[in-house]
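For ligands, and for the atoms within them, numbers begin at 1 and follow the listed sequence. All residue numbers in this chain count up from 1 along the given sequence.
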Amino acid sequence: MAPLKFAPEVAAALKAGAPVVALESTIITHGMPWPQNVETARAVEAAVRAEGAVPATMAVMGGHIHVGLTEAELETLGQAKNVAKLSRADLAACVASGGTGATTVAATMICARLAGVHVFATGGIGGVHRGAETSFDISADLPELAQTAVTVVAAGAKAILDLPKTLEYLETAGVPVIAYGQDDFPAFWSRSSGLKAPLRMDSAGAIAAAHRMRATLGLPGGQLVANPIPSEAEIARAEIMPVIETALAEAAARGIAAKAVTPFLLQRIFELTEGRSLASNIALVLNNARLGARIAAALVKG
Ligand code: PSU
Ligand code: MN
């Protein structure tokens, strides 16, 4: 038996067949600064509840995978320094050794599958990094989407990544990439990446039906739902691109590699935009939480 520790609210919801939405914790520890990280995590949980679903934030603590965190646990995680960033490769070792770790998209998908949660909402996913043809830096989030049957709602991927290569990878791996309510694949702070998404759906019910049909057909893996940031919170591509280029140049100059790349870039972009990127980030995560809850509700209706 996997060492899962369910929050009472999550256990009750799963038992009753009520909608549950998984949430990740790396966005708290490595994606946003304190105290906005904890405030956002709370607001995201509230947004899921407001849509009639139960939030299950995942994290590893004391030899357990926590499925749903208490207020105090959320606060501790949000203030802690040097929390491990756990992807697929790191998860088992951290649980086995009793360490503390925050789950990435890949690890959160694994935890959600173990807990019986089918829908997960976050901000942005990892992807194929620019220069991957020499660095080989491809996020473990992508192969996870190909093998773990969880529908992930994100605002697309940041342009710190190579977005055409990320879409090519997902196509090769057989992952449905579904733009919500528009034709274009969104680019996190911007509603469009300038690239067309392979699929478009306009309702939570359609996304839930596609999720169920993958299971019926025996197809492993999940779906990526790319939900564009609300217009009023958008940062135009022309405005954010120079900031991204600066952050990327600094990462290269300082020899940042492997697991450190994504957190370094996120941190530098927050600093360089003086909070503007953070306000947008919060708005898009909340928007994804609401859509995730509606998909989870549509799934349990059957
Ligand atoms: N992209 C974002 N915000 C994030 C992350 C990515 O816009 O917080 C985090 C997520 O937890 C994601 C992880 O799963 O970074 C990807 O890291 P890597 O590229 O090292 O796989
Ligand atoms: Mn990487």
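Looking at every heavy atom in both residues, Leu266 comes nearest to Gly31 through CD1-CA, 4.0 Å.
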Derivation and outcome, side-chain contact (heavy atoms from CB on, under 4.5 Å), residues Ile178 and Leu224: CA-CA 6 Å; Ile178 304 161; Leu224 176 61; over 6 Å; no
Full working for side-chain contact (heavy atoms from CB on, under 4.5 Å) between Val153 and Phe120: CA-CA 6 Å; Val153 184; Phe120 159 32; over 6 Å; no
Could you pull out every N or O of ligand 1 that sits under 3.5 Å from a protein N or O, with the distance for each pair?
| residue | atom | partner | partner atom | Å |
| --- | --- | --- | --- | --- |
| ligand 1 | 7 (O) | Lys158 | NZ | 2.5 |
| ligand 1 | 11 (O) | Glu24 | OE1 | 2.6 |
| ligand 1 | 14 (O) | Val105 | N | 2.8 |
| ligand 1 | 14 (O) | Asp141 | OD1 | 3.3 |
| ligand 1 | 14 (O) | Asp141 | OD2 | 2.7 |
| ligand 1 | 17 (O) | Lys85 | NZ | 3.1 |
| ligand 1 | 19 (O) | Thr262 | OG1 | 2.7 |
| ligand 1 | 20 (O) | Lys85 | NZ | 2.6 |
| ligand 1 | 21 (O) | Ser139 | OG | 2.7 |

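Looking at heavy atoms from C-beta onward, Phe188 lies out of side-chain contact with Ile229 at the 4.5 angstrom threshold. The shortest distance between side-chain heavy atoms of Phe264 and Glu250 falls below 4.5 Å.
Asp137 places no side-chain N or O within donor-acceptor distance of the main-chain N or O of His129, the cut-off being under 3.5 Å. Side chain of Ser193 to main chain of Pro186: no donor-acceptor pair is present (N/O by atom type, distance under 3.5 Å, no hydrogens or angles).
When only modelled atom types and interatomic distance are considered, Glu24 and Thr122 share a side-chain donor-acceptor pair under 3.5 Å. The closest side-chain donor-acceptor pair between Gln36 and Thr40, if any, does not fall under 3.5 angstrom.
For the Mn ion (ligand 2), the neighbouring protein N/O/S atoms at less than 2.8 Å, given as residue and atom, are Asp137 OD1.
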